[in-house]
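Quick caveat: nothing in here was measured; it's all calculated off a predicted structure. Side chains are part of it too, since the values below use all heavy atoms of this structure and drop only hydrogens, waters and symmetry mates.
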Amino acid sequence: MSPRPVMLDVVARPLYWVILLASLWVLFRGHNEPGGGFIGGLVAVSASVLWAIARGSDAAARRLPLGSPMKLASAGVALGVLSGLPALWQGQSFLTHWWGSLSLGVTEVTLSTVLLFDVGVYLCVWGALAGYALALLSLGESSSTATDDAAEPREGEGS
């Protein structure tokens with residue numbers, strides 16, 4: 001395996017978290033302005049790719065919520081489907097969304113099934129595209145070690 005640059009490793013640690021926070025900001029901003037689950041998920045993928053380049057694809061996959069891209073994407077799809085069920089229970093069309101508010105004394109929080117749907121899209125995009133990107137990056141990691149192994153003479157071979 002080829003050595004990874006030390007500076008990249010040092011910078012990747014805080015930058016990973018900054019990128020994930022930015023992805024969450026884009027996710028939650030998207031309810032009233034452009035943005036949302038899809039774009040936020042793409043930003044989260046960039047954090048995973050950064051970690052994969054700095055630490056390797058396996059390390060980046062272990063860092064994903066739920067431990068694997070497939071589980072993360074599946075959870076996202078499940079949340080998306082779940083967001084459409086309340087409307088069915090009330091005899092409305094699937095994915096007819098509901099809005100409400102929760103009073104917390106000093107402030108009020110607006111809740112909606114749209115938020116649940118957007119979080120599902122965010123997780124699905126992050127899981128699916130991170131899985132794809134990490135698989136591609138791992139191919140490069142495998143080929144670089146295969147190239148390194150081929151360049152070194154084996155035991156018993158002449159110099």
By the salt bridge (Lys or Arg N to Asp or Glu O under 4.0 Å) test, which pairs, at least two apart or in different chains, include something from residues 94-117?
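Residue pairs passing salt bridge (Lys or Arg N to Asp or Glu O under 4.0 Å), neighbours aside: none found.
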Suppose the criterion is salt bridge (Lys or Arg N to Asp or Glu O under 4.0 Å): which pairs have a residue in residues 82-97, not counting sequence neighbours?
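Counting only pairs at least two positions apart or across chains, no salt bridge (Lys or Arg N to Asp or Glu O under 4.0 Å) contact touches residues 82-97.
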Hey, does the side chain of Ser93 reach the backbone of Thr96 with a donor-acceptor pair shorter than 3.5 angstrom?
no
Could you tell me whether a side-chain N or O of Ser112 sits under 3.5 Å from a main-chain N or O of Trp99, the two making a donor and an acceptor?
no
Side-chain H-bond candidate by donor/acceptor type, Tyr16 with Ser48, under 3.5 Å
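Per modelled atom types, Tyr16 and Ser48 side chains form no pair under 3.5 Å.
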To check you understand the geometry: which heavy-atom pair defines the closest contact between [X] and [Y], and what is its length?
{"X": "Arg13", "Y": "Trp51", "value": "CA-CZ3, 3.8 Å"}
{"X": "Val125", "Y": "Leu42", "value": "CG1-N, 3.8 Å"}
{"X": "Asp118", "Y": "Gly36", "value": "OD2-CA, 4.1 Å"}
{"X": "Ala44", "Y": "Ser23", "value": "N-CB, 3.6 Å"}
{"X": "Ser57", "Y": "Ser138", "value": "OG-N, 3.3 Å"}
{"X": "Val49", "Y": "Ala133", "value": "CG2-CB, 3.7 Å"}

Report whether [X] and [Y] are members of the same hydrophobic cluster (ILVMFWY, side-chain heavy atoms less than 4.5 Å apart, transitive linking).
{"X": "Val121", "Y": "Phe94", "value": "yes"}
{"X": "Val10", "Y": "Ile53", "value": "no"}
{"X": "Ile19", "Y": "Leu8", "value": "yes"}
{"X": "Val43", "Y": "Leu21", "value": "no"}

Where at least one partner belongs to residues 54-88, residue pairs that pass ring pair (Phe, Tyr, Trp, His ring centres under 6.0 Å), sequence neighbours excluded:
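Pairs touching residues 54-88 that pass the test: none.
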Asp58 meets the salt bridge (charged side-chain N to carboxylate O under 4.0 Å, His left out) criterion, sequence neighbours left out, with none
Could you pull out all residues at least two apart from Arg62 that satisfy salt bridge (charged side-chain N to carboxylate O under 4.0 Å, His left out)?
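Result, salt bridge (charged side-chain N to carboxylate O under 4.0 Å, His left out) vs Arg62: none returned.
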Less than 3.5 Å apart, which donor and acceptor atoms pair up between the side chains of residues 69-92 and the rest of the protein, not counting sequence neighbours?
residue, atom, partner, partner atom, Å
Ser74, OG, Met70, O, 2.8
Ser83, OG, Gly80, O, 2.7
Gln92, OE1, Trp98, NE1, 3.0

Distance check, rounded to the nearest 0.5 Å: [X] atom [atom1] versus [Y] atom [atom2]?
{"X": "Thr113", "Y": "Leu115", "atom1": "OG1", "atom2": "CG", "answer": "9.0 Å"}
{"X": "Trp126", "Y": "Leu66", "atom1": "CH2", "atom2": "CG", "answer": "9.5 Å"}
{"X": "Arg29", "Y": "Leu24", "atom1": "CZ", "atom2": "CG", "answer": "14.5 Å"}
{"X": "Leu134", "Y": "Leu139", "atom1": "CG", "atom2": "CG", "answer": "11.0 Å"}

